[in-house]
Protein chains: 2
Amino acid sequence: MRRNTWQREAVREALGGTEGFVSAQTLHAGLREAGSEVGLATVYRALADLADAGEADSLQSDGENLYRACTPGSHHHHLICRHCGATVEITADAVETWARDVAAEHGFTAPQHVVDVFGYCAACSRELA
Amino acid sequence: MRRNTWQREAVREALGGTEGFVSAQTLHAGLREAGSEVGLATVYRALADLADAGEADSLQSDGENLYRACTPGSHHHHLICRHCGATVEITADAVETWARDVAAEHGFTAPQHVVDVFGYCAACSRELA
DNA sequence: CTGAGATTGACAATCGTTCTCAATAACGCC
DNA sequence: GGCGTTATTGAGAACGATTGTCAATCTCAG
Ligand SMILES: [Zn+2]
Ligand SMILES: [Zn+2]
Ligand SMILES: [Zn+2]
Ligand SMILES: [Zn+2]
């Protein structure tokens, strides 16, 4: 049975109020700084749950898991700035069908896919020029 | 100056003789079992070098880096069996141009992308049925 | 209100990976 | 072939992210 605790809610809100992807550690640090006394393990558990429930997107970069609040239920991918972390949600049916087709074509079943685009956003491109 | 050592060559060969993606640890274990006395750190370094040099593909799954020998210089993606690790190299210009376009469309520069398709290969699908 | 049991959090433990640094070995040069 | 410079190695320590442990706490159906 799933119970509602203020800790889980705090994590959900903190994630919602964050632009771009965050690590569990960063989010935890932010919560502590804001006066919340959540435990680190709890933040890890809450984020994993949110990702499971489809309320958050996750991706792994450089050996750590990053999370981001996301509109539940909609399948989409991300365009992420390597410098500031700004993120754009993108949908591309073409890619979806391509992934499904290429899997089927080789006899693969239960296909899933990882599709992420990284780069420098307009602002960071200018700044780094 | 880059020097050639039997250790690096051993790693290259071991990687070449492996089907699908392997972790540094697994490859190291295999080498040791085959009588080779390479150090773990060396395997990590060799794999990172190979990936840098474009002689190996890498992807991160479940918190660890996996490597696979690959035809140098050619950009491509993979279709990977979640059960046995069998891998098919796939190329899709449509995806390449899509990635470039979607980045440009949002003002992102220096675009890179991660595209991997996972599933159960024909054999494993049958076995797990 | 109450009790079963889900959840928490401090801490230890684990796991993949990188760092350190003395010993070794590769290779351009004579 | 020898020499010296210096990249490379490897054993172990150190590291950072994540997960496990388990008693104390909190949630909520009844
Ligand atoms: Zn940016
Ligand atoms: Zn998709
Ligand atoms: Zn398979
Ligand atoms: Zn590509």
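Hydrogens, waters and symmetry mates are skipped; everything else that's a heavy atom, side chains included, is used. Each chain gets a letter, A, B and so on, in the order the sequences are listed, and its residues count up from 1.
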Report summary line: In short, B:His83 meets B:Cys124 closest at the heavy-atom pair ND1-SG, 3.4 Å

Query raised in the report: Closer than 4.0 Å, any side-chain N/O of A:Asn4 to the OP1 or OP2 of D:dT27?
Result: no

**Report entry** OP1 or OP2 of D:dA17 under 4.0 Å from side-chain N/O of A:Ser23
**Finding:** no

Report task. Specify the residues of residues 34-46 of chain B, ordered by number, for which at least one heavy atom lies under 4.0 angstrom from an atom of DNA chain D. Result -> B:Glu37, B:Val38, B:Gly39, B:Thr42, B:Arg45

**Report entry** Sole candidate of A:Leu59, A:Val88, A:Leu66 that passes side-chain contact (heavy atoms from CB on, under 4.5 Å) when paired with A:Ile80
**Finding:** A:Leu59

**Report entry** Shortest side-chain distance from A:Arg8, nucleotide among D:dT18, C:dT8, D:dG10
**Finding:** C:dT8

**Report entry** Ring-ring centroid check A:Phe118 A:His78, cutoff 6.0 Å
**Finding:** no

Query - Spatial distance of atom CD (A:Gln25) from atom CG (A:Asn65) [nearest 0.5 Å] - result: 11.0 Å

Query raised in the report: What nucleotide among D:dT27, C:dC27, D:dT8 has an atom nearest to a side-chain atom of B:Arg2?
Result: D:dT8

**Report entry** Aromatic contact, A:His113 with A:His75 (centres under 6.0 Å)
**Finding:** yes

Query raised in the report: Can you find a side chain N or O atom of B:Asn65 that sits less than 4.0 Å from OP1 or OP2 on C:dT17?
Result: yes

Report task. Test the A:Arg82-A:Tyr120 pair against the cation-pi criterion, namely NZ or CZ under 6.0 angstrom from the six-membered ring centroid and within 45° of the ring axis. Result -> no

Requested in this report: Side chain of A:Met1 only, please: which of D:dT18, C:dT17, C:dA6 is the nearest?
Outcome: C:dA6

Report summary line: Considering only heavy side-chain atoms of A:Thr5, the closest of C:dG16, C:dT8, C:dA26 is C:dT8

**Report entry** Residue closer to the 5' end of DNA chain C, B:Arg3 versus A:Gln7 (nearest nucleotide)
**Finding:** A:Gln7

